[in-house]
Amino acid sequence: LFRERFNIRVHTRSDVLSIDRGNRTITVCDLVSGEKRTEAYDALVLSPGASALRPPLPGIDLPGIFTLRTIPDSRVIRKWIDEHQAQRAVVVGGGFIGLEMAENLSHRNLTVTVIEMLSQVLPPLDPEIAAFVEERLRKQGVTLALGDGVAGFEAAPDAGLVVKSQGGNIYEADLVILAIGVRPETALARSAGLEIGSRGGIQVDEHMQTNDPAIWAVGDAVEVRDWNLGQNTLVPLAGPAARQGRIAADVICGRPSHFRGVQGTAICGVFGLQVAATGASEKALVRAGDTDFEKIYLHPAQHAGYFPGAKRMHLKLLFRKSNGRILGAQAVGEEGVDRRIDVIAMAIQKEGTVYDLEEAELCYAPQFGGAKDAVNFAGMIAA
């Protein structure tokens, strides 16, 4: 499809071993034949992504302990569940991937325990918003072990695994999913002498260009600027990665494009709940030493209350006390969360204020929203 539609040659099962920056060539190994070849480039784009963390804990390499990065990874996990008639799963990490795995394993009728080192699930969120997700998880039969990290793994005497926590707790499992985060894949860039940033990602400028004028880098492997806080950060999200790819292509073709930074807009589905966020959290603002902010909470329905099926949302808005500029928002509910966070994300991008939210003209019909939408209400309360 890529060849016919775009005239792009795609080489799967091919591993790039090294970059010769002086001669502008790469060495490629065909993983099927083992044959090595050299390819020349005028412009090189690195997009190796990020790899799932697999810390050097005792027993980490025992059979039945998995990470999830690719579709083949998911097939291996499904095969293990079927072949071993797995009934108990431990998910290490309560972030987006960990909770999505917990839900899907639960749908496969496995008993699921989530172990999270922090005192809440979904670490990017503030704890009072994450609490709604924790309540839903528990109602669905998921056991949460919060504020406790994993110390190691052992093979159980009667097959299966034993997961030992730092707090001295023991959990029996037929499989373990490691979902404790990702690390930028920078080995190729490092070996080529490209600059690595303070957060461990490939250093790029606003044009996605590395310190080599013929090499660009995009996606989960690069460091980016937090648009709100002005700090370098790692944000492994598909939306920003796709934008970076387009910007690198523009620049390579001579167009004056630049990447403005990331807001961290993200959404996750957990047992019928939508939980989403954009911009800065209160935790992030406090960590950055920022004191010029205020927060408000509201709990509107996703559409007009008199129309059948109205469901409650919980929304938190953060903004500057000095001028009302919107800094971030988080929301959780069964319906309508995505639309509200998307609207606020756009307002943040345009450096909008809570007064702009008051005046925002949004779609209204009783089955979709109120004449005063949740976004309007947030602006009114904040103003």
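Positions are given from 1, in the same order as the sequence printed here. Please read all numbers here as calculations on a predicted model, not as lab measurements.
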Output yes when [X] and [Y] qualify as a salt bridge under the 4.0 Å nitrogen-oxygen rule, no when they do not.
X	Y	answer
E294	K321	no
D126	K283	no
R325	D292	no
R37	E35	no
R136	E334	yes
D30	K36	no
K316	E282	yes

Would you check if [X] and [Y] make a side-chain contact, meaning some heavy-atom pair closer than 4.5 Å?
X	Y	result
V262	L237	no
D73	F66	no
F377	V375	no
W216	V251	yes
V90	V150	no
I348	T278	yes

Working to the nearest 0.5 angstrom, can you tell me the gap between E134 CD and I129 CD1?
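Nearest 0.5 Å value for the CD-CD1 distance: 11.5 Å.
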Exam field: side chain [X] to backbone [Y], donor-acceptor pair closer than 3.5 Å:
X	Y	answer
H207	S257	yes
E223	L234	no
Q274	V332	no
R69	A50	yes

Measure from the ring center of F271 to the ring center of H107 and say whether it is less than 6.0 Å.
yes
For [X] and [Y], which I'm curious about, is there any donor-acceptor pair between the side chains at under 3.5 Å?
X	Y	answer
N376	D373	no
H314	H299	yes
D148	S165	yes

